[in-house]
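One structure is given below, encoded as structure tokens.
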Amino acid sequence: MKKSSQGPEGEIIRFYEIEQAKLLLDFEKVSLFTKHPTSLGQFRESRLRQFLRDFTPSRLTVGTGFVSTWNHGSGKISDDQSKQIDCLVFDSQTFPPLLHTDDYSIITPEAFYAAIEVKSSLTFHREYSGTKTRSPKYPLGGDDQESYRWSGTMIEALANIASLTRTIKERTQGTFQGVFAYSMEFDWNLLYHAFDNNEIQTQLGITHVDELPVAICVPGSLIIHLSPYDMFETGPHHDDSSSFFNVIQATATHPSYPLQFFSTFYTNQINHKLESKKPDKGGLFSAIGAKVAIWSHHFDLNSEGYEDQ
């Protein structure tokens, strides 16, 4: 791996180059011992939790599990639950888990800080029904074409994040929801057009940008930031009816920038929610120094609750 130029910015870039190399080499190392998909997935989830702990304040817990809610007077201890989240970050000191063992916890929405879905590889493709009739299972297409739905690990991750945000409801702002994958087997433009054509929103019942992950990271390749704002616009204007699909692609000179952006975005979001701490604008937990390829475009999705920056 080529070393970045030194100096403050160069040292920060080099730090993330080293962190990325450690992660990817560990992912490769475990595959020398087993090809079993479940074992590979469990190791990679555990390894990312280990990585996140280095970026997480000590009073917060990094584990796995799900979020549970209950309604007063229902007579139950749980009325609604998210799907299981691979990396769940929460405040176990102020809000003790409802159930806890080793790395696994069931928590209340008040304790929640971050959720990250981990995939060995991101896949995304159409799955056809065999008929021209739309149905709840195949809600897209139809009429003069075969009905279909989007399938693959990308859809699985989006569905899990959406399940979580519906469980915690209005408590999503200020938290971090992400997807982390070691490789990506499709062109990101396909994902953008599925959002732009309102297909993912229709299939998953998504009605607000807060139901989406804020960051989809593939180390060494790209990071996608789904946001109420065009992140590359100075003083961005906010439109309640639109959301933005922002893409930052790694370059040959700065291959670790997606991991750097993901890590610093996560850290700054966690610290702001925990202590109202302002983002790091020039230190280790900042996204400075890299030359990257950028792209942004809007798609129709409600983003009410945000203002012009």
Flag, side chain of Ser120 to backbone of Gly41, donor-acceptor distance under 3.5 Å: no

Any donor-acceptor N/O pair, Asn197 side chain to His193 backbone, under 3.5 Å: yes

Phe15-Leu24 co-clustered via ILVMFWY side chain contacts under 4.5 Å: yes

pair Lys22-Phe51: side-chain heavy atoms closer than 4.5 Å: no

Taking every non-hydrogen atom, the tightest pair across Leu164 and Ser82: CA-CB, 3.7 Å

Same apolar cluster (I L V M F W Y, side chains within < 4.5 Å links), Ile224/Tyr192: yes

Linked, directly or transitively: Leu122 and Trp295 (ILVMFWY side chains, under 4.5 Å): yes

Main-chain N/O of Gln203 paired to Arg149 side chain as donor or acceptor, under 3.5 Å: no

Heavy-atom closest contact (Ser151 atom, Glu127 atom, distance): OG-OE1, 3.3 Å

Working for side chain to side chain contact (heavy atoms under 4.5 Å, CB included), residues His208 and Thr165: CA-CA 10 Å; His208 195 279; Thr165 61; over 6 Å; no

Flag side-chain contact, heavy atom, 4.5 Å: Asn271 against Pro57: yes

Main-chain N/O of His225 paired with Asn246 side-chain donor or acceptor, under 3.5 Å: yes

Whether Gln84 side chain and Phe66 backbone form a donor-acceptor pair below 3.5 Å: no

Close side-chain approach of Tyr128 and Tyr138, heavy atoms under 4.5 Å: no

Heavy-atom donor-acceptor pair, Thr167 side chain to Ser163 backbone, under 3.5 Å: yes

Rounded distance [0.5 Å steps], CG in Leu140 versus CD in Gln145: 9.0 Å

hydrophobic_cluster_shared for Phe244 and Leu191, side chain cutoff 4.5 Å: no

Side chain to side chain contact (heavy atoms under 4.5 Å, CB included) between Glu110 and Thr94, intermediate numbers included: CA-CA 9 Å; Glu110 292 79 10; Thr94 309; over 6 Å; no

Between side-chain atoms of residues 213-221 and protein atoms elsewhere (two or more places apart, or another chain), which donor-acceptor pairs fall under 3.5 Å?
none

Electrostatic pair Arg14:Glu11 at N-O distance under 4.0 angstrom: no

Check: Glu211/Thr207 side-chain N/O donor and acceptor closer than 3.5 Å: yes

Rounded distance [0.5 Å steps], CD1 in Ile270 versus OH in Tyr113: 7.5 Å

Beyond-backbone contact of Tyr266 with Thr56, side-chain heavy atoms, under 4.5 angstrom: yes

Close side-chain approach of Leu88 and Thr64, heavy atoms under 4.5 Å: no

CA sep, side-chain torsions, deciding dist, call: Phe43, Lys29, side chain to side chain contact (heavy atoms under 4.5 Å, CB included): CA-CA 11 Å; Phe43 175 84; Lys29 186 191 300 181; over 6 Å; no

Minimum heavy-atom distance between Ile168 and Pro109, given as atom pair plus value: CG2-CB, 3.9 Å

Approximate separation, where rounding is to 0.5 Å, of Ile107 CD1 and Thr69 OG1: 11.5 Å

ILVMFWY network linking Met231 to Val292, side-chain heavy atoms under 4.5 angstrom: yes

Validation row: Phe112, Lys273 side chains within 4.5 angstrom (heavy atoms): no

Steps toward side chain to side chain contact (heavy atoms under 4.5 Å, CB included) verdict (Leu226, Leu301): CA-CA 11 Å; Leu226 301 170; Leu301 180 61; over 6 Å; no

Donor-acceptor under 3.5 Å (Gln201 side chain, Phe195 main chain): yes

Ser303 side chain vs Val209 backbone, donor-acceptor pair below 3.5 Å: no

Plane angle bin for Tyr182 and Phe180 - parallel if under 30°, tilted between 30 and 60°, otherwise perpendicular: perpendicular

Distance (rounded to the nearest 0.5 Å) between Glu146 CD and Arg126 CZ: 11.5 Å

Arg47 side chain reached by Val118 side chain, heavy atoms, under 4.5 Å: no

Pro139 to Arg134 - nearest heavy-atom pair and separation: O-CD, 3.0 Å

Expected output: side-chain Ser68 to main-chain Ile106 donor-acceptor under 3.5 Å: no

Ser183/Glu185 under side-chain hydrogen bond (donor to acceptor under 3.5 Å, both in side chains): CA gap, chis, key distance, verdict: CA-CA 7 Å; Ser183 64; Glu185 298 182 16; 4.8 Å; no

Contact summary for Cys87 and Glu45, nearest pair of heavy atoms: SG-O, 4.1 Å

Minimal non-hydrogen separation, Leu284 against Tyr16, with atom names: O-OH, 2.9 Å

Nearest-0.5 Å distance, CD1 of residue Ile206 to CG of residue Asn302: 12.5 Å

Salt bridge Asp86-Lys119, side-chain N to carboxylate O under 4.0 Å: no

4.5 Å side-chain heavy-atom contact, Met154 and Leu158: yes

CD/Glu28: more than 12 non-hydrogen atoms of other groups inside 6.0 Å: no

Flag if over 12 foreign heavy atoms under 6.0 Å of CG, Asp102: no

Check: Phe176 ring centroid to Phe265 ring centroid under 6.0 Å: yes

Atom pair CG/CZ of Asp196 and Phe245 - distance to nearest 0.5 Å: 10.0 Å

His238 side chain vs Tyr306 backbone, donor-acceptor pair below 3.5 Å: yes

